[in-house]
2 protein chains.
Amino acid sequence: MQHIGIKEVATKAKVSVGTVDRVIHNRGRVSESTREKVLRVCEDLNYHPNVLAQRLAADKPVVFVTITPGFSSDNTYWKIPLEGIQKAAREMTGYKVKVENLFFNLADPVSFRKAALDAILLEPDGILLAPVFKREAREFIRKCKERKILFVFLDTIIENIEPLSSFYQDPFESGYLAGRLLSFHLRRKSEILVVNFTLDIENNIHLGNRDKGLRQFFSDNNFRGKIEELNINPADELLLTKKLEDILHHKTRGIFVTSSAHKVAKSLEKTGKSGLMVVGYDLTPDNVRYLKKGVIDVLLCQKPAAQGYGGMMALFNHFVRKIPVRKEQIMPVDIIVKENYRDYRDF
Amino acid sequence: MQHIGIKEVATKAKVSVGTVDRVIHNRGRVSESTREKVLRVCEDLNYHPNVLAQRLAADKPVVFVTITPGFSSDNTYWKIPLEGIQKAAREMTGYKVKVENLFFNLADPVSFRKAALDAILLEPDGILLAPVFKREAREFIRKCKERKILFVFLDTIIENIEPLSSFYQDPFESGYLAGRLLSFHLRRKSEILVVNFTLDIENNIHLGNRDKGLRQFFSDNNFRGKIEELNINPADELLLTKKLEDILHHKTRGIFVTSSAHKVAKSLEKTGKSGLMVVGYDLTPDNVRYLKKGVIDVLLCQKPAAQGYGGMMALFNHFVRKIPVRKEQIMPVDIIVKENYRDYRDF
DNA sequence: AAAAGATGCGTGTACGTACACGCAATATAC
DNA sequence: GTATATTGCGTGTACGTACACGCATCTTTT
């Protein structure tokens, strides 16, 4: 006997499978006495429903909806999480699961509201959500709660709201970590430069917290040197080179870019760099090029595909496999240098 | 119609489900003409068998065997991969999969041969194997091939043998990476110390290659300083402290321990350390303690639980879910410092 | 006290696949 | 020519669960 099922429970409790089924699903028409008897036998035999058979016999599919920022040629970041989402979706074929991907525009809160409405019309069981616009997301989650729709947060979280699970990275922690890494290279009176590309709408909060994390590290470790700051529009490449030339001098030993560092790297390459440790974010092709050249020293990453995959799997595990799901999955800050970037390509 | 199944194929091909089944499984008793017709319809309808129903209807379970080193109170390393293996096994409940864990003694090749024989007696479909003893493993794999048993390598690989998949880390690469990390902290004429705990039988090859990797880095980056080496029995704690005191001097800026670094850290703590960057391996409680204290600066890790989990899942994906499996999964060298170790605890 | 309703329970069919069995039709044997 | 194999195919049951239906029994209504 491979697996004890309803049948075995029914036999031992001296009732029919139908009765056991009614007990398990709480759909009435069972006397209290037999109800208790059946439940006791379930305990005794350690009965667990067979998920395969459940999904096979189910008449309605489980429906999941994802709501993430769309991507374009100039902002490809959200392509990667989607790939993880789709990988997970492929693994759900045969389980009677329907996955619908909705997108919104990072520059337009209204597009988010629209996607949110569409999502609810699909009457999903669970939603995977990148709550970029806090206010709109709060509103949406209120509606979900009314309708008993569960949700998982992706990339960011919202304070005081408890989702089924959330997959994200703590930007403050990653900035703090960047401080640690830079500190290996600093001397007594070295200076550091922090570069913020301020027009990066999506990541505004992220960028700020990364910056704060770095500063906290140096304040915690009584660093004596100076931390310069440069806030700039990423489109102004010429300006960037000029400003960097102005601001860098012989005491500067480290640069921390709170987002993608390839533009800084490009400028540095012109200027000529020596004894400068450059730390930035994200394993994009542009960044990798400068990592390989040795202009960028460290990239901090968060496995965006794994986040998308994990978020979908959290829904799957909860609704289909019915196993407990971690409330929170803080993605490790992966430290990537020239020598190990290859290993992370597939994440 | 949720999923096109055998029935739809049968209808369209104007045969019975039994015939379709016989065609799909190549168990004869079908005329060539109907055979071709059925296969064409399968193509046309893009038929893919429903894995859930397959497993539900299967009479014999799929059998997997794992063969890994055992663990004891003094060598707990292999406990972690096993946890990953067991997590994967739990996820297979309901799929009619039988998993048997066999162990051998790292100090005794004969115990490996015994486990290997036991494994074959279980007539498994697939085997997850830590091929620590190369010669014995080769012999065993020969037998597996005769019996058409597939295998997945865990932790190490064997040259010129192609398993279904392998999950491991490249020790040379990790040593090379250690060189990069240390280099951030070195000055022109700094010295480095490499510490090898030579009696670590299990990892002998690993340790050697880590050492080689480090040296290769410094040779590739024309490092001018000196690399000292200390080979020592990990049991000789007193001797370790003494030797360290002898060998360390003001020019020493880095220590690379090719395995667990906590014993070195303990000695350093007595001696008093300053301006010394310590890099070691593995996220064990002992190591973490010194990482938190700041005596160890970096731990290089390889997510051993994820390796065990991934290895089992490779078997599962191949035999049960019947989806393609990556031939090789080189685990990233995770760089762990005081600030991000928390995030890796669950891997 | 008979009719109507509610309660407690069993039966049957479906989900998509595997596999044993059985029955024709054809092929081979004697 | 009949008897026996062989080939080609369909049917039936099982896997474990979900859910509709139906039939007794018991309770309430008038």
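The chains referred to below are lettered A, B, ... by the order of the sequence lines, with proteins before strands, and numbering in each begins at 1. Values in this document were obtained by computation on a predicted structure and should not be read as measured data.
Taken over five-pair windows at either terminus, the axes of the helix from C/dA1-D/dT30 to C/dC30-D/dG1 are inclined to one another by 50° (rounded to 10 degrees).
Side-chain atoms of A/His3 do not come within 3.5 Å of backbone N or O of B/Thr93 as any donor-acceptor pair.
Ring centroid separation for the pair B/Phe140 and B/Phe151 does not come in under the 6.0 Å cut-off.
Within the structure, every side-chain polar atom (N or O) of B/Thr34 is placed at least 4.0 Å from both OP1 and OP2 of D/dG8. Phosphate proximity of D/dC15 to A/Lys7: present, with a side-chain N or O under 4.0 Å from OP1 or OP2. An OP1 or OP2 oxygen of D/dA18 is reached within less than 4.0 angstrom by a side-chain nitrogen or oxygen of A/Gln54. The shortest distance between the side-chain N/O atoms of B/Lys60 and the OP1/OP2 oxygens of C/dA18 is not below 4.0 Å. Remark: B/Ser31 is in phosphate contact with D/dC9, judged by side-chain N or O atoms under 4.0 Å from OP1 or OP2. For A/Thr19, a side-chain nitrogen or oxygen approaches OP1 or OP2 of C/dG10 to under 4.0 Å.
In the set C/dT17, C/dG10, D/dT11, C/dG10 carries the atom at the smallest distance from any side-chain atom of A/Val15. Counting only heavy atoms from C-beta on, B/Ala53 has its side chain closest to C/dT17 among C/dC15, C/dT17, D/dG10.
For B/Arg342, the CZ atom is loosely surrounded, since the number of other residues' heavy atoms within 6.0 Å does not exceed 12. Shown here is B/Glu32, whose CD atom has more than 12 heavy atoms of other residues, nucleotides or ligands within 6.0 Å.
When all heavy atoms of B/Ala10 and B/Val17 are compared, the closest pair comes out as CB-N, 3.7 Å.
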Check nucleotides 19-23 of chain D for protein N or O atoms closer than 3.5 Å to its own N or O atoms and list the pairs.
residue: D/dC19; atom: OP2; partner: A/Arg27; partner atom: NH2; Å: 3.1

side-chain hydrogen bond (donor to acceptor under 3.5 Å, both in side chains) evaluation trace for B/Tyr47 with B/Glu8: CA-CA 9 Å; B/Tyr47 165 76; B/Glu8 285 75 35; over 6 Å; no
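Checked against side-chain hydrogen bond (donor to acceptor under 3.5 Å, both in side chains), B/Thr68 has no partners two or more places apart in sequence or in another chain.
Expressed to the nearest 0.5 Å, how far CG of B/Asp343 lies from CD of A/Gln169 amounts to 7.5 Å.
Put simply, CG on B/Leu56 is 9 Å from C1' on D/dA14, counting in whole angstrom units. D/dG10 atom P lies 13 Å from atom NZ of B/Lys14, rounded to whole Å.
Ring-plane geometry between B/Phe64 and B/Phe319 is classed as tilted, the angle between the planes lying from 30 to 60 degrees on a 0 to 90 degree scale.
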